[in-house]
Amino acid sequence: MPEMPEVETIRRTLTDKVTGRLIADVKLLLPRLVKWPSPEEFRAAVTGSVVTRLDRRGKYLLFHLDNDKVMVVHLRMTGRLYHVAPGAPPDRFTRVVFTLDGGDALLYADSRTLGTLYVLPADELWRISGLATMGPEPLSPEFTPEYFRESLAGRRVTIKGLLLNQKLIGGLGNIYVDEALALAGILPERPAASLTDEEAARLYGAVNAVIAQGIEHGGTTFRDYRDGAGQKGSNQHHLRVYGRKNEACSVCGTPIARSEVAGRGTHYCPHCQH
DNA sequence: CGCTCGGCCTGTGCGC
DNA sequence: TGCGCACAGGCCGAGC
């Protein structure tokens, strides 16, 4: 579910709840979600450790532990990670329970069970290929207009497909790609290399803008997404095209269209985007 | 190497 | 009301 703004919101809302806290117990209700090492080793490594820092890279959350290991969580489509008080009502989709020393807990819930968990020595994070190959993130110093423009050169893939490629830009997903293209006035199926320098500059600014807006509004909740306190985001009220098929474009009134680009449901304004 | 497609899983909402 | 189908915010690996 979550893209960079959602994962960043989870990180921000969870930081104070977990930093400096002892993980007293780990219940793996669905052990196959642990991708590295074995579920037994995962449980042994995490139990009894203290969280020293909570980081994010792209859509990955990184819990640094005081045993020089890092617990890595990727929520994929429907994962949720949130803090609950002692005795809180159970989440129907709870897959992992991290009980903290105060009896409160960090829950990992996931209806489609596509999420992934790992624990690794801090210097072996390269074992997670998606982390090792991730490109620069929007709003980061490495993500420059020049980097973006050069990334488009010679690319025959659609501009939407390129924006979704985590090796080139880390953290974008289906919602924010559609939103950035709408803000920039560019059609999703355009070949990446066909963008002019002016269009590339506009899209660069739009990518940063929609991500910043998503974070500002605490993420986009359509169905499953919740922040680290279990609360919904509000960015769904500020979207231009995503999920608005047949609704009037806020700029020109033309009905928003939906098609498939790069294998994903795609929303755009057929009048404003070229 | 670049790119597309199928697969992974389960739940929900819609049309009939 | 019940049923089948389309669709879902991500990513990896196979194959062209």
Side-chain angles (χ1 to χ4, degrees), chain A residues 1-10 29-36 56-61 72-81 91-96 108-118 127-135 137-138 151-181 188-193 210-211 213-215 217-227 232-246 258-267:
Chain A
M1 75 167 82
E3 308 179 29
M4 177 181 154
E6 288 72 39
V7 180
E8 173 61 16
T9 301
I10 292 171
L29 305 178
L30 189 58
R32 68 171 166 78
L33 298 186
V34 175
K35 300 306 173 189
W36 185 276
R56 179 191 57 75
R57 180 81 177 91
K59 303 171 193 172
Y60 291 86
L61 280 166
V72 181
V73 180
H74 195 302
L75 306 171
R76 300 283 175 140
M77 298 287 265
T78 52
R80 300 176 179 174
L81 199 53
D91 186 313
R92 176 184 170 197
F93 300 115
T94 302
R95 310 300 184 189
V96 184
Y108 179 75
D110 191 344
S111 63
R112 286 175 73 180
T113 72
L114 294 170
T116 48
L117 295 91
Y118 317 73
R127 290 184 186 280
I128 301 173
S129 65
L131 264 181
T133 63
M134 186 174 302
E137 300 178 20
S151 298
L152 306 184
R155 295 282 180 157
R156 307 167 69 132
V157 68
T158 59
I159 187 61
K160 171 155 184 171
L162 183 137
L163 293 173
L164 287 170
N165 185 344
Q166 305 295 299
K167 294 181 177 63
L168 294 175
I169 307 169
L172 291 175
N174 206 33
I175 294 177
Y176 294 96
V177 164
D178 281 5
E179 290 299 304
L181 288 165
E189 69 264 33
R190 290 268 303 279
V210 299
I211 291 294
Q213 179 194 278
I215 294 171
H217 292 134
T220 303
T221 298
F222 271 103
R223 176 172 305 173
D224 302 290
Y225 164 70
R226 298 292 185 277
D227 69 17
K232 296 180 180 181
S234 66
N235 197 52
Q236 62 276 17
H237 304 304
H238 303 273
L239 298 177
R240 290 167 180 80
V241 291
Y242 188 87
R244 302 192 57 195
K245 181 184 175 186
N246 294 334
R258 185 185 182 282
S259 66
E260 185 174 309
V261 178
R264 313 294 298 277
T266 298
H267 307 75

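In the text below, chain A, chain B and the rest are named by the order of the sequence lines, each starting its count at 1. Not measured: the values here are computed from a predicted model.
At a threshold of 4.0 angstrom between heavy atoms, the contacts of A:Y176 with the nucleic acid are absent. Counting any heavy atom pair closer than 4.0 Å across all strands shown, A:R95 reaches no nucleic acid atom.
Scanning atom types as modelled, no donor and acceptor separated by under 3.5 angstrom connect the side chain of A:R223 and the base of C:dA8.
Qualifying salt bridge (Lys or Arg N to Asp or Glu O under 4.0 Å) partners for A:R112, counting only residues two or more places apart in sequence or in other chains: none. Scanning for side chain to side chain donor-acceptor pair (under 3.5 Å) contacts around A:R32 gives A:T113, with sequence neighbours left out. Every residue meeting the salt bridge (Lys or Arg N to Asp or Glu O under 4.0 Å) condition with A:R56, not counting sequence neighbours, appears here in chain and number order: A:E8, A:E137. The ring-ring contact (aromatic ring centres under 6.0 Å, His included) search around A:F93 returns none, not counting sequence neighbours. Legend: residues meeting salt bridge (Lys or Arg N to Asp or Glu O under 4.0 Å) with A:R258, ordered by chain and number and at least two apart, are absent. Considering only residues two or more places apart in sequence or on other chains, A:R240 meets the salt bridge (Lys or Arg N to Asp or Glu O under 4.0 Å) condition with none of them. Residues forming a side chain to side chain donor-acceptor pair (under 3.5 Å) with A:Y242 (at least two apart in sequence, or on another chain): none. The side chain to side chain donor-acceptor pair (under 3.5 Å) test applied to A:D110 returns A:T78, A:Y108, not counting sequence neighbours.
As rounded to the nearest Å, C:dA6 and B:dG6 have P atoms that lie 14 Å from one another. For the P atoms, the distance linking B:dC5 with C:dC7 amounts to 16 Å, nearest Å.
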Checklist entry - Which dot-bracket string describes DNA chain B (Watson-Crick N1-N3 plus N6-O4 or O6-N4, or G-U N1-O2 and O6-N3, all under 3.5 Å; [ ] crossing; | other strand)? => result .|||||||.|||||||

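First and last contacting nucleotides of DNA chain B toward chain A (any atom under 4.0 angstrom from a heavy atom, 5' to 3' order): B:dC3 to B:dG13.
Relative ring orientation between A:Y60 and A:Y118 is described as tilted, the plane-to-plane angle lying within the 30° to 60° band.
OP1 or OP2 of C:dA8 lies within a sub-4.0 Å distance of a side-chain N or O belonging to A:R258.
Rounded to a whole Å, the CD1 atom of A:I175 is 12 Å from the C1' atom of C:dG10. As a whole-Å value, the separation of A:Y225 OH from C:dG9 C1' is 12 Å. Atom CD in A:Q236 sits about 17 Å away from atom P in C:dA8, given to the nearest Å. Computed from coordinates, the A:R226 CZ to C:dG9 P distance equals 17 Å when rounded to whole Å.
Residue pairs meeting the salt bridge (charged side-chain N to carboxylate O under 4.0 Å, His left out) criterion with at least one member in residues 169-178 of chain A, sequence neighbours excluded, are A:K160-A:D178.
Where A:L114 and A:R155 each meet DNA chain B at their nearest nucleotide, the meeting point lying more 5' is that of A:R155. Of the two residues contacting DNA chain B, namely A:A262 and A:R112, the nearest-nucleotide position lying further toward the 5' end is that of A:A262.
Looking at heavy atoms from C-beta onward, A:L163 lies in side-chain contact with A:L181 at the 4.5 angstrom threshold.
Minimum heavy-atom separation, A:L164 to A:A262: CD1-CB, 4.4 Å.
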Protein and nucleotides 11-13 of chain C: nitrogen or oxygen contacts under 3.5 angstrom:
| residue | atom | partner | partner atom | Å |
| --- | --- | --- | --- | --- |
| C:dC11 | OP1 | A:H74 | NE2 | 2.7 |
| C:dC11 | OP2 | A:K59 | NZ | 2.8 |
| C:dC11 | O4' | A:R76 | NH1 | 3.1 |

